[in-house]
Amino acid sequence: MKKSVLVLGLSALFFVSCGEKKKEEVKKEVETKVETVKEEVKTAVNSIELGKKLFTEKTCTTCHQADAKVIGPSIKEITKVYGEQKGNIVKFLKGESPAIVDTDPGQVAVMKANLDSFVKDMSGDELAAIAAYMRSVK
Ligand code: HEC
């Protein structure tokens with residue numbers, strides 16, 4: 001009788017400590033995930049900030065305003081169409097996919113002149129940052 005109580009007690013202890021260990025593991029796992037997400041958010045925020053800076057420095061703002069059409073379509077119009085048609089802004093900027101927002105040949109030529117001059121010298125990261133910034137404009 002005494003022995004079985006002891007065994008029961010020990011096994012209870014064993015399960016409790018096992019549970020504790022599991023809890024620690026889960027806690028660590030969650031903490032690691034939270035850190036990863038934090039890093040991802042930080043990277044995304046940095047990318048948007050870089051994109052915003054480039055959008056002004058590279059004169060995109062001359063033709064693209066947030067809400068109103070100036071020479072080119074507004075940023076919101078562009079991201080709306082790209083969202084609806086699951087387009088890829090970076091691909092367009094790299095000259096790998098055709099215009100889908102304003103397909104008027106005269107208008108396309110105006111934007112194409114930018115792609116062929118200074119946009120082609122921008123890095124993939126810079127183009128991704130610009131696309132991230134454009135998508136962040138609400
Ligand atoms: C001289 C004016 C001008 C400048 C500067 C300019 N754009 Fe454009 N952009 C246009 C015009 C006009 C269109 C409409 C034709 C078209 O959609 O391709 C356009 C269209 C676009 C589109 C939509 C393409 C599509 O699928 O129809 C994107 C994205 C874009 N511009 C991004 C940029 C970025 C990023 C910059 C800066 C690096 C920039 N533009 C600079 C005039 C300009």
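- Applying the side chain to side chain donor-acceptor pair (under 3.5 Å) test to K112 and every residue at least two apart in sequence or in another chain returns D116.
- Evaluation of the ring pair (Phe, Tyr, Trp, His ring centres under 6.0 Å) test over residues 72-110, restricted to residues two or more places apart or in two chains, returns none.
- The side-chain hydrogen bond (donor to acceptor under 3.5 Å, both in side chains) contacts involving residues 44-62 comprise nothing, where partners must be two or more places apart or lie in separate chains.
- A ring pair (Phe, Tyr, Trp, His ring centres under 6.0 Å) check over residues 58-79, counting only residues at least two apart or in different chains, returns nothing.
- Q107 meets the side chain to side chain donor-acceptor pair (under 3.5 Å) test with D102; sequence neighbours excluded.
- In terms of heavy-atom proximity, A131 sits nearest to V90 at CB-CG2, 3.9 Å.
- Put simply, I78 and V137 are part of the same group of oily side chains (I, L, V, M, F, W, Y) that touch within less than 4.5 Å, one to the next.
- With hydrophobic clusters built from ILVMFWY side chains whose heavy atoms lie under 4.5 angstrom apart, I100 shares a cluster with M134.
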Considering only distance and modelled atom types, tabulate donor-acceptor pairs under 3.5 Å from the side chains of residues 24-39, sequence neighbours left out.
residue	atom	partner	partner atom	Å
T32	OG1	K28	O	2.6
T36	OG1	T32	O	2.7

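- For the side chain to side chain donor-acceptor pair (under 3.5 Å) test, no residue two or more places apart in sequence or in another chain qualifies with D104.
- Contacts of L50 classified as side chain to side chain contact (heavy atoms under 4.5 Å, CB included), with partners at least two apart in sequence or in another chain: L54, A129.
- In this structure, E84 CD and T79 OG1 are separated by 9.5 Å, a value rounded to the nearest 0.5 Å.
- Residue pairs meeting the ring pair (Phe, Tyr, Trp, His ring centres under 6.0 Å) criterion with at least one partner in residues 20-40, sequence neighbours excluded, are absent.
- How far CD1 of I75 is from NZ of K138: 11.5 Å, rounded to the nearest 0.5 Å.
- Listed by first then second residue, pairs satisfying ring pair (Phe, Tyr, Trp, His ring centres under 6.0 Å) with a partner in residues 114-136 read F55-Y133, not counting sequence neighbours.
- For N88, there are no side chain to side chain donor-acceptor pair (under 3.5 Å) partners two or more places apart in sequence or in a different chain.
- With rounding to the nearest 0.5 angstrom, the CE atom of M111 is 8.5 Å from the SG atom of C63.
- Within the structure, side-chain hydrogen bond (donor to acceptor under 3.5 Å, both in side chains) pairs that include any residue of residues 69-78 comprise D67-K76 (at least two apart or interchain).
- Under the 4.5 Å side-chain criterion, counting only non-hydrogen atoms from C-beta, K120 is not in contact with L115.
- Rounded to the nearest 0.5 Å, atoms CD1 (I48) and CD1 (I130) are 13.0 Å apart.
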